[in-house]
Student: 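Structure provided below as structure tokens; questions to follow.
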Amino acid sequence: AEANNRHDEL
Amino acid sequence: MNIFRLLGDLSHLLAIIVLLLKIWTTRSCAGISGKSQILFAIVYIARYLDLLNTYISAYNTIMKFVFISASLATIFFMYVKFKATYDHNHDSFRIEFLIAPALVLALLINHEFSPLEILWTFSIYLESVAILPQLFLVSKTGEAESITSHYLFALGSYRGLYLLNWVYRYYAEDHYDLIAIVAGVVQTVLYCDFFYLYITKVLKGKKLQLPA
């Protein structure tokens, strides 16, 4: 989830 | 997605579009730092390599694609199509002095020692200082056209709005990313002097001119 949060933001 | 994040993205998008339109309609890239534009292209490409292995949403994919394409188009305009108007004498900032430390820092402080994560971290560090060649160019020539000021204001606001987004996410989702937050604070602080001049001069219809 942490990594997904990072890749979600631009 | 919260309102700060959305406004931040829109502000970022607006900045990039304003810059491209300015160059296209005036057929000139005078006053714009090609060095900063190269740094931004490196930032987008390094960060959005995740397009290849992570799907988040159509919004996410489209925005990443637009940022990469628009920054490459800007570089093409500056170094090929409108090359004659590029102010390279004043654009003398040495970008290797920003790229190398950002890379070393990314190798030392990251979330995970893997190629994609290191590139992501590198892009965050590099983005925080990527505007320096542009600010250096403005300080060397002592002024900026109002459209260039609007571009800088939108670009600077974007990370500031992201900071509010991170405050919101900390309370609402218990999520925070220290690397992004620290770099985002540095990035926003670098614009403060410019923000002050923008609000006190450009918004009152005056040209952004630095005191001699």
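These numbers come from a predicted model, not from an experiment. First the proteins, then the strands, lettered A, B, ... as listed; each starts at 1.
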Student: What part of B/Glu117 gets within 4.5 angstrom of chain A, counting heavy atoms only: side chain, backbone, both, or neither?
Tutor: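 Contact with chain A involves the side chain of B/Glu117 alone.
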Student: Contact part of B/Tyr48 toward chain A, heavy-atom cut-off under 4.5 Å: side chain, backbone, both or neither?
Tutor: side chain
Student: Please work out whether the ring planes of B/Trp120 and B/His111 are parallel, tilted or perpendicular, with thresholds of 30° and 60°.
Tutor: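 If you compare the ring of B/Trp120 with that of B/His111, the planes turn out tilted.
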Student: Let's test your reading of the structure: which of B/Arg169, B/Met63, B/Glu173 forms the most heavy-atom pairs below 4.5 Å with chain A?
Tutor: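 The option with the most such pairs is B/Arg169.
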Student: Test B/Tyr198 against every option in B/Phe194, B/Phe195, B/Tyr196 by the ring pair (Phe, Tyr, Trp, His ring centres under 6.0 Å) rule and name the one that passes.
Tutor: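 One option only clears the test, and that one is B/Phe194.
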Student: Using modelled atom types and a 3.5 Å cut-off, is there a donor and acceptor pairing between side-chain atoms of B/Tyr79 and backbone atoms of B/Phe82?
Tutor: no
Student: Side-chain contact, heavy-atom cut-off 4.5 Å: B/Thr26 with B/Glu145?
Tutor: no
Student: Just so I understand: if I count every heavy-atom pair under 4.5 Å between each of B/Tyr44, B/Tyr158, B/Tyr162 and chain A, which residue has the most?
Tutor: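 Among B/Tyr44, B/Tyr158, B/Tyr162, the one with the most close pairs to chain A is B/Tyr162.
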Student: Quick one: does B/Lys35's side chain get under 4.5 Å of B/Gln134's, heavy atoms only?
Tutor: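 Contact flag for B/Lys35/B/Gln134 side chains = no.
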Student: Which bit of B/Asn60 is near chain A, if near means a heavy-atom gap under 4.5 Å: side chain, backbone, both or neither?
Tutor: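 Both backbone and side chain of B/Asn60 come within 4.5 Å of chain A.
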